[in-house]
Each structure stands twice: as C-alpha cells, then as structure tokens.
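Inspection log for the structure reproduced underneath, given as structure tokens.
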Amino acid sequence: MIVKKTSGDHMSLVYQSTRDAHNTVTASQAILQGLATDGGLFTPTSYPQVALDFDQLKDASYQEVAKLVLSAFLDDFTAEELDHCIDQAYDSKFDTPAIAPLVKLNGQYNLELFHGSTIAFKDMALSILPYLMTTAAKKHGLENKIVILTATSGDTGKAAMAGFADVPGTEIIVFYPKDGVSKVQELQMTTQTGSNTHVVAIDGNFDDAQTNVKQMFNDADLRERLAAHHLQFSSANSMNIGRLVPQIVYYVYAYAQLVKSGEIGSGDPVNFTVPTGNFGNILAAYYAKQIGLPIGKLICASNENNVLTDFFKTRIYDKKRSFKVTTSPSMDILVSSNLERLIFHLSGNNAEKTSALMDALVHQGEYELTDFDPEILETFAADYATEAETATEIKRVYEENAYIEDPHTAVASAVYQKYLATNEDAHPTVIASTASPYKFPVVAVEAVTGQSDLSDFDALAQLQEISGVPVPPAVDGLETAPVRHRTTVKASDMQQAVEEYLGL
Ligand SMILES: *Cc1c(COP(=O)(O)O)cnc(C)c1O
C-alpha cells in the first residue's frame with residue numbers, strides 16, 4: 001500500500017443503527033448482520049482520516065486505492081484479510097485492468113462502472129462482498145450458514161448471485177418484480193447456476209419485494225427458527241455497509257485519474273452526477289466527500305419515479321404516488337432505503353429523530369424534514385429526466401461522441417444537462433455510468449435509430465454494429481442458456497417461499 005492512514009489506527013470505527021443509539025457494532029459485525037434488527041441501518045457516526053495525496057494516488061492501481069479506503073472504513077479487518085478480499089474481487093472478472101475506466105466525452109466524463117461480470121455497477125461492490133462476509137464469519141467463529149436474502153430491481157440479484165454462487169457456507173435467495181426488469185436482466189437471473197442459488201419472480205414491484213425482505217429481517221420469531229436450524233440472514237442490498245464502502249473507492253479513483261490526465265489540479269472540486277434508485281451509490285460519493293475528496297456538488301438524478309427530486313427541492317418525502325415502470329428499471333423505486341442514512345446525518349446522527357421520520361413514512365406515507373444541517377443538504381442538487389428526455393440524451397451523446405450510454409447513465413447525463421442550463425457551475429463533472437448499454441439493448445438501439453419492436457436479441461446484434469463494442473460475455477449466449485429458475489409467487493407469499501427453500 002502506498003499511502004497510510006494518518007490516524008485512527010488504534011480506534012475502531014463505530015457503526016450505529018440509524019434507529020437506536022445503543023445498537024452499535026464494528027464494521028465486520030455490521031457486514032455479517034446486514035441490517036440492524038431494530039429496522040435501522042448500520043451507519044458510521046464519524047469518519048476515518050484518510051490521507052488523500054493525489055500526487056501519489058494518481059499512479060495507484062484500483063486495488064491500491066481500494067486498500068486505502070477499505071482499511072480506513074473496515075478497520076477491524078487486518079491488512080492481510082483486506083488484501084485477500086481485494087485481490088480476489090478485482091481480478092480478471094473485470095474485462096479491463098483499470099477496473100473502472102474514466103472516459104472523456106464532450107463536456108463530461110463517464111466513469112464506467114460496468115466492466116465486471118454482470119455489466120452493471122453492482123459488480124463493483126458485489127464482487128468483494130462475499131469475501132468480506134466469509135472473512136468476517138471466520139473472524140467471529142460463526143458456525144451458522146449465512147442466508148443472503150435480496151430484493152432486486154434487476155441488477156443486484158444477478159451480481160449478488162455471481163458473487164455468492166457456490167460460496168461454501170452461504171445460500172442466496174433473490175426476489176425480483178416479474179414485470180419490472182428487462183428481458184436480458186431476467187434471463188441473466190433465471191439462468192444462474194450454483195447449487196446454493198434461488199431466484200423467485202414476484203407478482204408486485206420492487207418496493208413490495210424490498211418491504212417484505214425487510215420484514216423478514218425484522219421478524220424475531222423467524223430469526224429464532226433460523227438459528228435453530230443453524231442459519232442466519234444477511235443482506236447483499238446496499239443497506240449492507242459492505243456494499244457501500246467498496247463503492248467509495250471508485251470516486252477516489254476517478255478523481256485520481258482526472259489529476260493524472262491533467263484535466264484538473266489536485267484539490268480542484270469535481271461534481272458527480274449519479275443515477276439514483278436506492279440512494280446507495282450517491283451516498284458512497286457523499287462518504288468520499290466526508291473523507292476529504294474535493295467534491296463540489298453531488299447531483300442526484302432520478303427517472304420519472306422522482307420522489308428524491310421532490311425531497312431535495314421541498315424536504316418532504318412523499319411516497320404516495322403511482323409507481324412508474326420506466327426504461328431505467330433499476331431506478332424504479334419509491335422508497336429509497338439509503339436515504340435513511342442521509343436523514344440520520346442531516347439530523348445530527350440522531351437515531352430518535354430518524355426513527356420518528358421513518359415511522360411517519362410507514363404510517364402516513366410521508367415525512368417532512370424540518371430540522372437539519374443545511375451544509376449537508378446543500379451538497380446535493382437533484383432533478384429528474386422523463387422517458388423522452390432519456391431517449392433524446394442517448395441520441396445526443398451518440399451523435400456528439402459515437403458513444404452509447406445505457407438508459408440509467410442517460411438519465412444522469414440528461415439531468416446534468418438540465419443542471420448546466422440552470423446553474424453557473426463550470427466544475428468538471430463525472431457521470432456515474434452504471435450499466436453497459438448491452439444490458440438494455442432495445443432501449444439503446446431504439447433511441448439511436450428510431451426503430452421500434454426490436455427483440456432483445458436482434459437489438460444486441462444491432463448494438464454491436466452501431467457502437468463497435470463487441471457483445472460482452474455476460475449477455476453473449478444468454479438466448480440459448482438453459483433457464484433454471486421458474487418460480488413466481490405473490491408478494492405476500494415471499495416468506496413462505498423462503499421457509500420452503502430453507503426447510504424450516
Ligand atoms: C442499482 C442501479 C442504480 C441505482 O443505484 P442506487 O445505489 O440504488 O441508487 C442505477 N443504475 C443501475 C444500472 C443500477 O443497477
């Protein structure tokens with residue numbers, strides 16, 4: 001490792017539940033538990049000091065930056081443990097040694113987070129989470145089998161299974177909304193191999209899946225029955241701090257690349273625009289800022305499910321609105337779980353206040369943030385892109401750069417254009433590019449060529465022609481791969497499905 005932490009080596013960071021000040025754990029315990037049993041999320045109450053010296057970091061590899069960031073936040077792991085996890089995770093599963101390359105386009109930089117095995121940004125954290133979790137289990141002498149219970153809006157499920165498939169001591173159960181994912185996303189999941197993987201479609205949307213998963217986590221009776229069978233739940237969703245911390249790495253890495261290429265000087269502020277659903281990715285950027293990364297604005301980009309845009313503009317979070325199925329399905333979310341962590345920070349790390357607001361969200365469907373740290377709030381800007389604006393943006397970026405963005409990235413890119421039109425802010429801006437267009441080929445090709453009614457597999461071939469980027473292995477052969485998972489259940493029967501898989 002080329003850079004050391006400046007202090008804090010002896011003190012352990014505290015991860016506290018956002019809903020109970022007395023519920024505190026270390027990093028490895030937080031990763032094992034996933035969610036706090038009081039319904040809250042384990043969240044750092046202070047930030048480690050990290051020496052971000054970009055004269056050195058500009059020449060660091062992705063793995064070296066990961067070691068710097070992870071050792072600071074996951075401070076009860078040893079250096080050897082983290083080295084092992086990082087080296088196993090960020091290897092040739094990624095199709096480029098850069099791991100997360102930064103591409104310069106006209107007026108923006110796209111940070112490509114889709115070079116892992118499932119071609120979406122979830123791979124950035126989910127390729128390391130199984131190693132962190134099994135290492136933590138060993139550390140704590142855990143004998144239970146870990147059951148990863150996951151709700152997915154399309155990308156987490158596949159990336160989690162790719163990470164956990166056939167990992168000894170683990171079982172993974174994934175729920176996805178039957179009509180809420182792209183054909184490619186669905187096939188990626190239903191063709192998943194591995195004797196410990198289970199995939200279930202539900203009659204319902206992502207929020208239904210996420211709510212029921214959370215309920216199972218918080219069910220004390222279910223927890224006891226699991227324990228009697230030597231089982232325990234953990235989460236691969238971004239509610240697990242083991243997902244968030246690895247996502248801080250690429251913000252630091254992107255900044256280092258900008259310094260290296262001479263686009264900025266060390267210390268110059270950079271904005272990040274993040275296509276947002278569960279608020280995990282952008283929260284990781286916020287944590288990067290807290291450890292000293294020179295970030296100007298964090299621009300929170302939503303699709304037509306624009307509950308976060310409204311929240312940042314009015315400070316009222318109101319989920320009572322119709323759920324829209326869009327061409328950026330991984331952002332079709334009305335209850336953004338990780339916003340709870342920001343609410344906690346906005347209210348001065350106050351668990352009582354956070355808990356009250358989250359209760360109001362459940363019982364009244366809304367809450368208003370009245371008492372908050374204005375400096376934190378002002379870090380964020382927010383807007384959304386309509387379906388038409390998203391398609392137009394894919395076309396604009398293609399025409400100007402011969403580069404094809406996936407619809408999620410295009411939402412962010414469109415929102416950045418809106419931001420530019422209304423704000424005097426000349427800081428360089430990085431767009432978090434969260435998926436390969438090959439994951440959403442129909443939308444990408446239709447936006448560029450105007451063709452409609454393409455099948456997913458015709459679109460794949462056309463995309464290759466238009467973009468000149470070869471079809472990645474993640475989707476090549478998907479059409480003919482055997483489907484191994486065919487179960488569909490009602491949202492209300494999710495727990496029953498879990499009990500059957502686990503033989504409870
Ligand atoms: C999950 C996902 C998002 C949203 O990220 P959050 O961390 O949930 O805000 C955006 N784009 C893609 C492609 C995703 O898979």
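Position 1 is the first residue of the sequence; numbering continues from there. When a ligand or atom number is given, it counts from 1 through the structure's own listing order.
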Requested in this report: For the pair Phe380 and Phe279, name the ring-plane relationship: parallel under 30°, tilted 30 to 60°, perpendicular over 60°.
Outcome: tilted

**Report entry** Of Asp359, Asn349, Ile343, the residue whose pairing with Thr354 passes side chain to side chain contact (heavy atoms under 4.5 Å, CB included)
**Finding:** Ile343

Query raised in the report: Got a salt bridge between Lys319 and Asp207, using NZ or NE/NH1/NH2 to carboxylate O under 4.0 Å?
Result: no

**Report entry** ligand 1 atoms in contact with Thr276 (distance to a heavy atom under 4.0 Å)
**Finding:** 9 (O)

Requested in this report: For atom 6 (P) of ligand 1, find the nearest protein heavy atom and state the residue, atom name and distance (0.1 Å precision).
Outcome: Asn278 N, 3.5 Å

Query raised in the report: With no hydrogens and no angle check, is any side-chain donor or acceptor of Ser28 less than 3.5 Å from a backbone partner on Ala136?
Result: no

Query raised in the report: If you round to the nearest 0.5 Å, how far is CG of Leu111 from OG1 of Thr409?
Result: 10.0 Å

**Report entry** Close N or O approach (Gly280, ligand 1; < 3.5 Å)
**Finding:** yes

Query raised in the report: In Å and rounded to the nearest 0.5 Å, what is the OG1 to CG distance from Thr276 to Asn306?
Result: 12.5 Å

Query - Heavy-atom nearest neighbour in the protein, as seen from atom 2 (C) of ligand 1, with distance rounded to 0.1 Å - result: Lys122 NZ, 2.4 Å

Query raised in the report: So is Ser238 close enough to ligand 1, meaning a heavy atom under 4.0 angstrom away?
Result: no

Report task. Could you tell me which atoms of ligand 1, counted from 1 in the order shown, lie closer than 4.0 angstrom to a heavy atom of Ala435? Result -> 13 (C)

Report task. Specify the protein heavy atom at minimum distance from atom 7 (O) of ligand 1: its residue, its atom name, and the distance to 0.1 Å. Result -> Asn281 N, 2.8 Å

Query raised in the report: Could you give the distance from NE2 (His115) to CG (Asp123), rounded to the nearest 0.5 Å?
Result: 11.0 Å

Query raised in the report: For atom 10 (C) of ligand 1, what's the nearest protein heavy atom and its distance?
Result: Pro275 O, 3.5 Å

Report summary line: Of Ile404, Asp406, Val469, Asp476, the one forming a side chain to side chain contact (heavy atoms under 4.5 Å, CB included) with Tyr438 is Val469

Query raised in the report: How does Phe279 reach ligand 1, by side chain, by backbone, by both or by neither, if only non-hydrogen atoms under 4.0 Å count?
Result: backbone

Query raised in the report: Any N or O on Asp406 sitting closer than 3.5 Å to an N or O of ligand 1?
Result: no

Report task. Return yes or no for this condition: an N or O of Asp155 is under 3.5 Å from an N or O of ligand 1. Result -> yes

Report summary line: The protein heavy atom nearest to atom 9 (O) of ligand 1 is Gly277 N, 2.8 Å

Report task. Among all protein heavy atoms, pick the one closest to atom 12 (C) of ligand 1 and tell me residue, atom and distance. Result -> Thr434 OG1, 3.4 Å

Requested in this report: Could you tell me whether some N/O pair between His408 and ligand 1 is separated by less than 3.5 angstrom?
Outcome: no

Report summary line: When Thr190, Asp155, Thr152, Thr118 are each screened for side-chain hydrogen bond (donor to acceptor under 3.5 Å, both in side chains) with Gln185, the one that passes is Asp155

